[in-house]
Amino acid sequence: MSADEPAVAQRLAEALAEIVRQRVAQGVRVLLVASSDLHHIENYDQVVRRDRAVVEAIAAFDLEQLTPLLTARDCSVCGRMPILTLLRASRLLGADAVEVLHQTNSGDVTGQRRSGEYTVGYMAAAVYRSQPDAVAS
């Protein structure tokens with residue numbers, strides 16, 4: 001997604017939500033997926049700190065907190081707008097909860113945590129409606 005503006009993510013989220021509603025009305029099950037690494041820089045401690053803030057905002061489903069984190073000048077999350085788009089579309093479709101399934105980074109996996117070592121953050125999360133029978137309009 002080349003657009004790097006929250007307003008574009010909002011418009012895309014609205015369009016996706018409408019398409020999903022139409023498909024669901026036709027009996028089709030829909031899964032929305034956004035894929036991105038988290039921060040990736042040559043500083044393990046900074047990746048841990050920056051990713052913690054992003055993961056906490058996502059886990060809280062707090063788009064008002066998340067948006068400035070993802071649009072900050074020093075943000076190195078490549079798929080920041082797809083993440084925002086998916087979360088906004090999910091909210092429009094009635095989702096009200098996020099469960100972080102796993103979070104790590106390359107330094108934790110490889111043990112390479114020295115200063116100057118390139119580190120990449122990762123996270124998997126599920127966005128869902130806590131009351132499954134509720135209908136989003």
Side-chain angles (χ1 to χ4, degrees):
M1 185 173 172
S2 63
D4 202 22
E5 302 170 24
V8 173
Q10 180 63 37
R11 288 194 308 271
L12 181 55
E14 291 166 359
L16 281 173
E18 182 56 34
I19 291 167
V20 169
R21 284 186 196 102
Q22 291 171 8
R23 299 297 289 162
V24 168
Q26 297 167 348
V28 177
R29 294 181 63 172
V30 178
L31 174 67
L32 299 176
V33 177
S35 178
S36 174
D37 54 9
L38 293 180
H39 286 92
H40 50 283
I41 54 176
E42 294 181 352
N43 186 315
Y44 170 85
D45 292 331
Q46 287 294 316
V47 167
V48 169
R49 183 183 62 76
R50 292 177 189 184
D51 282 356
R52 182 179 307 120
V54 169
V55 170
E56 287 174 358
I58 291 172
F61 209 166
D62 188 339
L63 301 179
E64 291 70 35
Q65 179 184 357
L66 181 63
T67 300
L69 292 171
L70 294 180
T71 57
R73 185 175 185 168
D74 64 349
C75 181
S76 61
V77 176
C78 294
R80 56 188 163 257
M81 289 304 115
I83 292 168
L84 265 180
T85 299
L86 178 131
L87 291 171
R88 288 179 177 185
S90 297
R91 176 157 293 152
L92 290 168
L93 292 165
D96 60 357
V98 175
E99 181 179 347
V100 175
L101 304 171
H102 189 68
Q103 189 235 337
T104 192
N105 65 58
S106 59
D108 290 341
V109 172
T110 66
Q112 302 294 319
R113 299 182 185 120
R114 295 184 315 271
S115 180
E117 189 71 36
Y118 192 76
T119 306
V120 182
Y122 307 102
M123 178 193 75
V127 184
Y128 61 97
R129 188 180 305 147
S130 61
Q131 301 296 320
D133 294 334
V135 177
S137 55

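Only heavy atoms go into these numbers, but all of them, side chains included; no hydrogens, no water, no symmetry mates. Keep in mind that this is a model prediction, so the values were computed, not measured.
Taking all atoms of both residues into account, the shortest heavy-atom contact from A17 to L93 is O-CD2, 3.5 Å. P82 approaches A34 most closely through the heavy-atom pair O-CB, 3.7 Å.
Screening V100, V54, D37 for a side chain to side chain contact (heavy atoms under 4.5 Å, CB included) involving M123 leaves a single residue, V100. Paired with L38 under the rule side chain to side chain contact (heavy atoms under 4.5 Å, CB included), one option of T119, T104, V55, V120 passes, and it is V55.
Atom OG of residue S106 and atom NE2 of residue H40 lie 11.0 Å apart, to the nearest 0.5 angstrom. Put simply, CG on D108 and CZ on R113 are 4.5 Å apart, with the number rounded to the nearest 0.5 Å. In this structure, CG in L84 is found 11.0 Å from CG in L12, a value given to the nearest 0.5 Å. Rounded to the nearest 0.5 Å, atoms CD (E5) and CZ (R11) are 7.5 Å apart. The distance from the CG atom of D62 to the OG1 atom of T67 is 8.5 Å, given to the nearest 0.5 Å.
A side-chain donor from one of Q112 and R114 sits under 3.5 Å from a side-chain acceptor of the other. Donor-acceptor pairing under 3.5 Å is lacking for the side chains of Y122 and D51. Residues D96 and S130 have side chains that bring a donor and an acceptor to within less than 3.5 angstrom of each other.
The cluster map of Ile, Leu, Val, Met, Phe, Trp and Tyr, joined by side-chain heavy atoms under 4.5 Å apart, puts L86 and V30 in the same cluster. A continuous path of hydrophobic side-chain contacts links L32 to L70 [ILVMFWY only; heavy atoms under 4.5 Å]. By the criterion of side-chain heavy atoms lying less than 4.5 angstrom apart, applied directly or through intervening Ile, Leu, Val, Met, Phe, Trp or Tyr residues, V98 is grouped together with L69 in one hydrophobic cluster. In the hydrophobic clustering of ILVMFWY residues, with side-chain heavy atoms under 4.5 Å counting as a link, L16 and V24 come out together.
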Derivation and outcome, side chain to side chain contact (heavy atoms under 4.5 Å, CB included), residues D45 and R49: CA-CA 6 Å; D45 292 331; R49 183 183 62 76; over 6 Å; no
Residues N105, H39; criterion side chain to side chain contact (heavy atoms under 4.5 Å, CB included); working and verdict: CA-CA 9 Å; N105 65 58; H39 286 92; over 6 Å; no
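Not one N or O on the side chain of R50 forms a donor-acceptor pair closer than 3.5 Å with the backbone of V77. Without hydrogens or angle criteria, S35 side chain to V33 main chain gives no donor-acceptor distance under 3.5 Å. A donor-acceptor pair under 3.5 Å is formed between the side chain of R88 and the backbone N or O of P6. Listed for the R80 side chain is no donor-acceptor partner under 3.5 Å among the backbone atoms of S36.
Side-chain contact between I58 and I83 is present, with heavy atoms from C-beta onward closer than 4.5 Å. Considering only heavy atoms from C-beta on, E117 stays 4.5 Å or farther from T110 through its side chain. Between M81 and T71, some side-chain heavy-atom pair lies under the 4.5 Å cut-off. Annotation: side chain of E18 is in contact with side chain of Q22 (closest heavy-atom distance under 4.5 Å).
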